[in-house]
Amino acid sequence: MTTTRQLSSAPGTLGLYGRAALPMIPGASRLPFVAGSASALPDLTLTLPEVRVDVAKLQAYAKVCGFSLRNDLPVTYPFVLGFPLHMALMTDGSFPFPAIGLVHMHNRIVQHRPISIGETLSVAVRADNLQPHPKGRTFELTTTVRAGDELVWEDVAAIFRAGSGKGPAPEGSEDPTAGVGALRIAPTEEWRLAGNLGRRYGFVAGDVNPIHLHPLSAKLLGFPRAIAHGMWTKARSLAALQDRLPDAYAVDVRFQRPVLLPTTVAFGSTETDGGGLAFVLQSASAKATPHLRGVVAPA
Amino acid sequence: MTSPRRVAILGGNRIPFARSNAQYSSVSNSDMLAAALDGLIERYGLEGQHLGEFAAGAVVKLARDINLTREVVLGSKLAPSTAAVDIGQACGTGLQAVNYIGNKIALGQIDVGIAGGADTTSDPPIALGDKLRAKLVKVNNARSNADRVKALLAIRPTDISLDFPVNAEPRTGKSMGAHQAITAKEWGITREAQDELTVASHHNLAAAYDRGFMDDLITPYLGLERDGNLRADSSLEKLAKLKPVFGGPQGTMTAGNSTPLSDGASTVLLASEEWAKEHGHEPLAYLVDVQTSAVGYVGGEEGLLMAPAYAVPALLDRNGLKLQDFDFYEIHEAFAAQVLSTLKAWEDPTFCKQKLGRDEPLGSIDRSKLNVNGGSLAAAHPFAATGGRIVPALAKALKEKGSGRGLISICAAGGQGVVAIVER
């Protein structure tokens, strides 16, 4: 049976990260209120009604991501509105994985129409589609935003959990960004990313995962340095394209390689045959796999 | 060369002006200018179009905004081939931008352009003090790490200081309000007269909003739908309670009858008649002529904000007009006392004889034609955005009337003034 749990206000993500760390204590996952013990995704939808955008918070977010502050929300901003629900869901006792250690692989946002700053929104989050993967398992975290009954925005985050790979590669999961590499997009912009970018974005987006905050906390979790938030790389890329985005569109990105901070990255974009845009974010120095590739497809 | 072409004012768009550190507290000049431009692009269907030029400026500007207007164009839906220029003449910036675009259209250099301006007093540029700056330059120029450390060690705690932008004339050290208080005293401008003008400004602007006059001149921004400084219930009783802020305890100028620090941006669309026709826009009115004048004020020879009193007669003479030949007067209300001093000067035979060299004074204006849709006291005055607030509103008032003529007068820091004639 589907359970819908309505929260009266956005939970604080700092406390939830405390909860998220609990499953890292050996044996803790056996406790019923700690995530990581269940074997299937919970049939649970978390909702937050009557969400209104705090302009001061939005301004801070726009500044960190490079968006010019308009009357319409930056396309990636509703993800921030949904983030406390993501954390609440993934730290719920019924959730099968510990939140820390999950990897965001792919993200698709569909903006059905621009959302203006003053609108009252409702946000819903659920997890679905648990799939086997050669190196672990994957699932999808879906965020939907409504204005009244009208669906205005949705986000599907494909998330990977490393583990014993039991199954074959998931079938039929087409990657809309697969063709981007073949376009050989030449980068045209270089961005110098400071070592504190993860803290700055973490603060405005509420995502204070230790892998983003400091080289030392990142090292504890297996990264050589702090890494930029994937959703920051998506947001910054879309900010670079802000003047060329249509009103209604889908934007898919694949997070291919973490951005280790500080660094200099290069960004490039090109128009696609379908009247959309393709873009890449890569290291400015090494000719390695891009950090991010993405596609904007008008609705 | 062919004779100059008529310059059509097609319309404008601005964002509501906010008081300093209010709704736009962490919004940059470029964000505000982009928002005002966005609304203009949408209202006039300019998306993807190549325009001749975009001219705008900001008085209080961050050092990194060297190419403010060009960056705004690149972030907008205008074709990236639209050139842009940053211009600046203190509070005259907006009207001077209109003049710049207008002249280019008149001479056939461009067919269509946008003028504008933005200013924030909430996000001001703060500079390092000179001593610290000089020493940091040395650190930056050091070739080796040892030299760098040496240069860093040379910095003493007493070197550390910050330069905040101040509202003061560099040569006199006096604020604009302090200057105007002297002028107000010279011209015997009473507190009551200033407060009356202030109430009229608020009531006129509130009425303009109420009857929908502002609907196609403004685009709400960040939840602000009307100018944040507007007090529709302004009254003489309320204003009478305020203490003087300039001119000492006996002064007449208060926070009510002076414009507050504020944030905002505005844009104006100007074109040749041919371009307007081709693109299906009916001109609201035409820009006829612009005059910029300046006065010496440093030694007290004239009031800092009195240059418009000189610019207007020069403009009238050039166009064969009298001060009374206008249906609307848009005199920028930097301070109520500035407007009243200027009007009094034009009525004064001695001033007109001695300072302007005229046998007859310019005379009085019909005060019911002054700032009929509100002025800067009500709307507030983000310095460079004021010209772009006034021009489209006046052009629209002329269109509503059917035909007529309007006079614009804007005083600016440094003893300068920009004035213009608009007609339909």
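Scope of the values below: all heavy atoms of this structure, side chains included, with no hydrogens, waters or symmetry mates. As the structure is a prediction and not an experimental result, all values here were calculated from the model. Below, chains carry the letters A, B, ... as their sequence lines are ordered, and counting in each starts from 1.
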Between B:F17 and B:R14, is there a cation-pi geometry (under 6.0 Å to ring centre, at most 45° from the normal)? yes
When the 4.5 angstrom heavy-atom criterion is applied to B:E47 and chain A, the contacting part is neither
Sidechain-backbone polar pair: B:D111 side chain, B:W275 backbone, donor-acceptor under 3.5 Å: no
With a 4.0 Å cut-off on N to O distance, would you call B:R19 and B:D263 a salt bridge? no
Can we say B:D147 and B:K138 salt-bridge, meaning some charged N sits less than 4.0 Å from an Asp/Glu carboxylate O? no
Which residues in residues 110-123 of chain A have any heavy atom lying under 4.5 Å from a heavy atom of chain B? A:I117
Check whether B:P80 gets within reach of chain A through its side chain, its backbone, both or neither, counting any heavy atom under 4.5 Å. neither
Using a strict cut-off of less than 4.0 Å between a Lys/Arg side-chain nitrogen and an Asp/Glu carboxylate oxygen, indicate whether B:R43 and B:D215 qualify as a salt bridge. no
Sort B:I15 into side chain, backbone, both or neither according to what part of it lies under 4.5 angstrom from a heavy atom of chain A. neither
So what's closer than 4.5 Å to chain B heavy atoms on A:L245: side chain, backbone, both or neither? backbone
Pick one of side chain, backbone, both or neither for B:S76, based on which atoms fall under 4.5 Å of a heavy atom in chain A. backbone
So, the side chain of A:D54 versus the backbone of A:A56: is there a donor-acceptor pair under 3.5 Å, distance only? yes
Applying ring pair (Phe, Tyr, Trp, His ring centres under 6.0 Å), which residue pairs with at least one partner in residues 27-52 of chain B are found, sequence neighbours left out? B:Y44-B:H281
Pairwise distance CD(B:E42) to NZ(B:K77) - rounded to 0.5 angstrom: 9.0 Å
